[in-house]
Amino acid sequence: MPDPTTVEGFETAGGGPSGGVPPAVRIEGLWKRFGQQIAVAGVDLTLPAGRFIGLVGPNGAGKTTTLSMATGLLRPDHGRVEVAGHDVWQDPAAVKARIGILPEGLRLFERLSGRELLAYTGRLRGLPGDEVDRRAAQLLDVLDLAGAQHKLVVDYSTGMRKKIGLAAALLHNPEVLFLDEPFEGVDPVSAQTIRGVLERYTGSGATVVFSSHVMELVESLCDWVAVMAAGQIRAHGPLEDVRGEAPSLQAAFLELVGANGRDAGTTLDWLGGGTGGAAGGNRTGGTAGGATGGGARGTAGGGR
Ligand SMILES: Nc1ncnc2c1ncn2[C@@H]1O[C@H](COP(=O)(O)OP(=O)(O)OP(=O)(O)O)[C@@H](O)[C@H]1O
């Protein structure tokens, strides 16, 4: 098993928590509308440098739109974003040099091998060839892709694509790494590997900003979180502060986003798959076991 702690080259990543360092990201008055849909509705948010930051929110909350605007992939209707002290739209080259991005729906050069993709990315980033080779070899090894380095990217699995995308995003040793759902479609072994690489990276003083729906993951990885719903920030700050008195981040999240759970038990009274549900909901409609959602659940054992 490759050891994530053996990756070299991340020691000098700036943006550590020491005094005088600008925040990793400063977002002011950010708005974005798509037709009638307001995706981001006045976001003000300052993300401290040197932290492992989770951006969480329900589907459609505006996380991807916010991250796209923060990284210069999408122009805001209003507002501004600074990354590591540089304005994303006034000074895009300075920002792009300092960030790495693993976007949602990552598009890669499919007809390159993983190794060629990293070589190409490194040269685009202005790194000398031998340094690109050195870093690429280490990243491929640590991310357990060495055996697939000569395979075309088009033949990579979902998890392998995430990993090669992460390697490409890290190659130039950015100050701030933006990851949109980095663990989606990734098996537990690969997830652990990615996690080790990211922990090593933030341990050097760099910043990770990642979006996820998986609260347990955010709770175990992040020391700082922002909760988004309906295009706005509902809470932000150190993990313990956002969690507050709640037993878990998941519980705090549900309270913050006002998810007073729809009652699937009564609404989906036809759904059951097994004999209890099907007989109750659809076929006889009046048996004792299926007369109500609650009854169906309460008597499922007896019906079988
Ligand atoms: N290109 C687009 N055109 C039209 N509407 C869009 C576009 N991109 C996003 N939206 C809408 O903006 C809102 C926010 O979407 P966004 O993808 O930012 O949310 P999200 O929090 O990332 O959601 P998820 O967790 O489901 O990925 C949604 O209502 C979405 O339908």
Side-chain angles (χ1 to χ4, degrees), residues 24-47 52-83 88-89 95 99-108 158-159 161-162 165-166 169 176-186 191 194-195 198 207-222 224-237 239 242-243 248-262 264:
V25 183
R26 192 199 308 271
I27 297 175
E28 288 171 4
L30 206 62
W31 284 82
K32 185 71 189 180
R33 173 198 284 270
F34 297 106
Q36 295 298 306
Q37 176 72 48
I38 298 177
V40 173
V43 165
D44 291 293
L45 185 64
T46 299
L47 305 178
F52 209 131
I53 298 168
L55 178 61
V56 298
N59 292 130
K63 303 181 295 295
T64 297
T65 307
T66 301
L67 289 184
S68 299
M69 290 191 284
T71 51
L73 297 174
L74 182 68
R75 194 174 278 277
D77 294 339
H78 300 285
R80 59 189 295 273
V81 182
E82 266 180 24
V83 176
V88 170
W89 296 101
V95 170
I99 65 174
I101 313 175
L102 183 66
E104 194 184 43
L106 175 67
R107 292 205 179 82
L108 298 165
T158 306
R161 294 172 74 84
K162 288 268 183 198
L166 178 65
V176 188
L177 184 63
F178 293 89
L179 311 168
D180 203 344
E181 298 285 353
F183 295 96
E184 216 168 53
V186 173
I194 291 178
R195 200 183 161 119
L198 296 180
T207 309
V208 169
V209 182
F210 89 101
S211 75
S212 179
H213 303 109
V214 186
M215 288 312 137
E216 294 79 10
L217 188 73
V218 172
E219 195 162 14
S220 69
L221 271 179
C222 298
W224 209 98
V225 291
V227 180
M228 197 168 185
Q232 296 179 326
I233 300 296
R234 294 286 167 86
H236 60 89
L239 175 69
V242 171
R243 192 171 44 205
S248 64
L249 184 62
Q250 166 94 356
F253 173 82
L254 291 175
E255 202 171 304
L256 281 164
V257 304
N260 36 6
R262 301 193 201 295

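Order of appearance sets the numbers: ligands from 1, and atoms from 1 within every ligand. Side chains are part of it too, since the values below use all heavy atoms of this structure and drop only hydrogens, waters and symmetry mates.
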- Task: Kindly determine whether V25 and L45 satisfy side chain to side chain contact (heavy atoms under 4.5 Å, CB included), including the steps that lead there.
- Result: CA-CA 8 Å; V25 183; L45 185 64; over 6 Å; no

Just need the protein heavy atom nearest to [atom], so name the residue and atom and give the distance.
{"atom": "atom 31 (O) of ligand 1", "value": "Q37 CG, 4.8 Å"}
{"atom": "atom 16 (P) of ligand 1", "value": "T65 OG1, 3.6 Å"}
{"atom": "atom 23 (O) of ligand 1", "value": "G60 N, 2.8 Å"}
{"atom": "atom 8 (N) of ligand 1", "value": "F34 CE1, 3.3 Å"}
{"atom": "atom 27 (O) of ligand 1", "value": "E104 OE2, 3.5 Å"}
{"atom": "atom 26 (O) of ligand 1", "value": "N59 ND2, 2.9 Å"}
{"atom": "atom 12 (O) of ligand 1", "value": "A39 CB, 3.2 Å"}
{"atom": "atom 17 (O) of ligand 1", "value": "T64 CB, 3.7 Å"}

Are [X] and ligand 1 in contact, using a heavy-atom cut-off of under 4.0 Å?
{"X": "K32", "answer": "no"}
{"X": "P58", "answer": "yes"}
{"X": "G62", "answer": "yes"}

- Task: Identify which one of V218, I53, D180, L55 satisfies the side chain to side chain contact (heavy atoms under 4.5 Å, CB included) criterion when paired with F210.
- Result: V218

- Out of V209, T207, L198, which residue meets the side chain to side chain contact (heavy atoms under 4.5 Å, CB included) rule with L177? L198

- Task: Would you kindly specify which portion of M228 sits under 4.0 Å from ligand 1, judged on non-hydrogen atoms: side chain, backbone, both or neither?
- Result: neither

- Task: Starting from the C-alpha separation in whole Å, work towards a yes-or-no answer on side chain to side chain contact (heavy atoms under 4.5 Å, CB included) for F183 and L221.
- Result: CA-CA 12 Å; F183 295 96; L221 271 179; 3.8 Å; yes

- Task: Report the distance from atom CG of N59 to atom OG1 of T64, rounding to the nearest 0.5 Å.
- Result: 10.0 Å

- Note on the structure: Contacts satisfying salt bridge (Lys or Arg N to Asp or Glu O under 4.0 Å) that involve residues 26-39 (not counting sequence neighbours) are R26-E82, E28-R80, K32-D77

Output a table of donor-acceptor pairs, distance under 3.5 Å, between side-chain atoms of residues 226-237 and any protein atom two or more places apart or on a different chain; print 'none' if there are none.
from, atom 1, to, atom 2, distance (Å)
Q232, NE2, A41, O, 3.4
R234, NH1, L256, O, 3.4

- Query: Which atoms from ligand 1 have a heavy atom of H213 less than 4.0 Å away?
  - Reply: 24 (P), 25 (O)

- Query: Can you find a heavy atom in the side chain of R195 that is under 4.5 Å from one in the side chain of L217?
  - Reply: yes

